[in-house]
There are 2 protein chains.
Amino acid sequence: MGVDCHHPESAQPGLEGLALADAVAAAANKCERTRERLTPPRRRVLELLLEADGPMKAYDLIAAYGQDGEPAKPPTVYRALDFLERLGFAHRIESLNSYVPCRMEGSSHRAAFLICECCGTAEEFEPDFAPQFAAAEAAGYAVRTVTLEARGLCPACKPEA
Amino acid sequence: MGVDCHHPESAQPGLEGLALADAVAAAANKCERTRERLTPPRRRVLELLLEADGPMKAYDLIAAYGQDGEPAKPPTVYRALDFLERLGFAHRIESLNSYVPCRMEGSSHRAAFLICECCGTAEEFEPDFAPQFAAAEAAGYAVRTVTLEARGLCPACKPEA
DNA sequence: GCCTCAGCGTTATGAAATAACATAACCAGG
DNA sequence: CCTGGTTATGTTATTTCATAACGCTGAGGC
Ligand SMILES: [Zn+2]
Ligand SMILES: [Zn+2]
Ligand SMILES: [Zn+2]
Ligand SMILES: [Zn+2]
């Protein structure tokens, strides 16, 4: 991952079996409550994100889309990603051109990530934007969204303390 | 720019004439001090960034590269951008796939941007990452770089208070 | 001088995202 | 029902963004 250190694969195993089904069901419930539709392509892309061991590229999703090995057409996946982002079920990581399922409980939140340059994991955390937000307001800005991506080494990949 | 409000062009006019020459000369000096080479393509791309009224896309730079109208080849510009980023003369804005010249005085700094979704300006500011940094360290992460991009409306484009 | 290597020019290709338009499913009102 | 507005999908093609690979050149150390 750009830094030469060779740790095993991602420390963030994807969901399987029941856990996966539960996560999808939770999303479905949330959609019902807000009268949004978790249609087949949307559900499929959400599954793929949840199953994955780390951030997925759009074209990884496209390739993995069909259970029979048939890829999806790009718009299918990009539309599903738009939906999942809008509902807060997934986040785009700008600096990786990649997508992850949301790992936070609370519904609407501002996402931020700690990205390991060795093993590729991207851990979501709940940032405190107070200082930046205050600075922006002071300058007269009306902030709508904030992207924060910190890159470095995760505990597992960090050369021992 | 995604939000329907129609303000005039970017509020960040590019440099011209003397100011431009000064800025380039300053970069050249800094390179000399660190034994880095501000070669013609690097200088040219820096000029283009400084002249611009706002964030420039890589292919905008490619198109504008030749004084005679001849575009550059993509690698020429991407290499120059890599250099300028490395030296701190330019920054990439991930959420726009765009580049801006560095507007801050201090040499090595962590860049952050306030991006107006109406007029397209991207104002650089010096963020205080203390809280996020502390949180990351507490989690065992060794943070190397941080990307922060806040999107919203600038004072000029904000519906009057 | 000679070597080394960073930088460059060039061709080609790969990766990421969207435009545009036709079709199909959903749903509320009549 | 059915009909019209709305939302979502299927499909083709294209655009936009970025890098691989290779050979050449010229600056600077010895
Ligand atoms: Zn989240
Ligand atoms: Zn790691
Ligand atoms: Zn800067
Ligand atoms: Zn503005």
Side-chain angles (χ1 to χ4, degrees), chain A residues 1-2 27-28 31-32 34-49 52 55-68 70-87 89-100 120 147 149, chain B residues 1-2 27-28 31-46 48-49 52 55-68 70-87 89-100 120 147 149:
Chain A
M1 292 297 305
C31 284
E32 245 171 71
T34 55
R35 290 210 261 298
E36 295 279 357
R37 298 163 57 197
L38 190 62
T39 59
R42 294 168 175 179
R43 173 185 297 260
R44 178 62 181 145
V45 171
L46 177 57
E47 276 176 13
L48 289 170
L49 289 175
M56 291 279 277
K57 302 237 171 202
Y59 274 72
D60 294 341
L61 296 167
I62 287 167
Y65 184 86
Q67 283 90 344
D68 53 0
E70 277 304 295
K73 306 291 172 64
T76 301
V77 165
Y78 279 105
R79 285 164 178 163
L81 288 170
D82 286 346
F83 171 85
L84 296 172
E85 279 197 274
R86 183 163 59 79
L87 276 282
F89 295 139
H91 301 294
R92 171 179 168 83
I93 301 183
E94 296 286 350
S95 61
L96 298 177
N97 287 355
S98 296
Y99 302 84
V100 292
T147 299
E149 298 171 10
Chain B
M1 289 294 307
C31 284
E32 244 171 70
R33 268 179 266 125
T34 55
R35 289 212 261 298
E36 295 279 357
R37 297 164 55 198
L38 189 64
T39 59
R42 293 167 175 180
R43 173 185 296 258
R44 177 61 180 146
V45 171
L46 177 58
L48 289 170
L49 288 174
M56 290 279 277
K57 302 236 172 203
Y59 274 71
D60 293 341
L61 295 166
I62 288 167
Y65 184 86
Q67 283 90 343
D68 51 0
E70 277 304 295
K73 306 290 171 63
T76 301
V77 165
Y78 280 105
R79 285 164 178 160
L81 288 171
D82 286 346
F83 171 85
L84 295 172
E85 279 197 273
R86 183 163 60 78
L87 276 283
F89 296 139
H91 301 295
R92 171 178 168 84
I93 300 182
E94 296 287 350
S95 61
L96 299 176
N97 287 356
S98 295
Y99 303 83
V100 291
T147 298
E149 297 172 12

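In what follows, chains carry the letters A, B, and so on, assigned in the order in which the sequence lines appear, proteins first and then strands, with residues in each chain numbered from 1.
Considering OG1 of A:T76 and CG of A:L81, their distance stands at 11.0 Å, rounded to 0.5 Å. The distance from atom NE2 of B:H91 to atom OG1 of B:T147, rounded to the nearest 0.5 Å, is 11.0 Å. Annotation: the span from A:Q67 atom CD to A:R44 atom CZ amounts to 4.0 Å, rounded to 0.5 Å. We find the CG-OH distance between B:D60 and B:Y99 to be 11.5 Å, quoted to the nearest 0.5 Å. The structure places OH of A:Y65 at 9.5 Å from CD of A:E47, a figure rounded to the nearest 0.5 Å. Between B:K57 atom NZ and B:L96 atom CG the span is 6.5 Å, to the nearest 0.5 Å.
Here A:K57 reaches the OP1 or OP2 of C:dA16: one of its side-chain N or O atoms lies under 4.0 Å away. Within the 4.0 Å cut-off from OP1 or OP2 of C:dA16, not a single side-chain nitrogen or oxygen of B:Y59 is found.
One can place CE of A:M56 at 15 Å from P of C:dA15, the figure rounded to the nearest angstrom. One can place CG of B:N97 at 12 Å from P of C:dA16, the figure rounded to the nearest angstrom. The nearest whole Å value for the distance from the CG atom in A:D82 to the P atom in D:dA8 is 11 Å. Protein atom CD of A:E94 is 14 Å distant from nucleotide atom C1' of D:dC17, rounded to whole Å. A:D60 places its CG atom 17 Å from the P atom of C:dG14, with the value rounded to the nearest Å. Rounded to whole angstrom, the span from the OH atom of B:Y65 across to the C1' atom of C:dG9 amounts to 10 Å. Between B:I62 atom CD1 and D:dT19 atom P there is a gap of 11 Å when expressed in whole angstrom units. When rounded to the nearest whole Å, the span between CD of B:E36 and P of C:dG7 equals 7 Å.
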Could I get a table of every N or O pair under 3.5 Å where one atom is in the protein and the other is in nucleotides 10-12 of chain C?
from	atom 1	to	atom 2	distance (Å)
C:dT11	OP2	B:K73	NZ	3.4

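Without hydrogens or angle criteria, A:R92 side chain to A:E85 main chain gives no donor-acceptor distance under 3.5 Å.
The closest side-chain heavy-atom distance from B:Y59 to B:P71 is not below 4.5 Å.
With D:dC17, C:dA17, D:dA27 as the candidates, the nucleotide lying closest to the side chain of B:Y78 is D:dC17.
Of the candidates A:L84, A:L38, A:L48, A:R43 forms a side chain to side chain contact (heavy atoms under 4.5 Å, CB included) with just one, namely A:L38.
For DNA chain D, the residues of residues 38-46 of chain A within the heavy-atom distance limit of 4.0 Å (strictly under) are A:T39, A:P41, A:R42, sorted by number.
Two residues, B:F83 and A:R92, neighbour DNA chain C, and the one matched to the more 5' nucleotide by heavy-atom proximity is B:F83.
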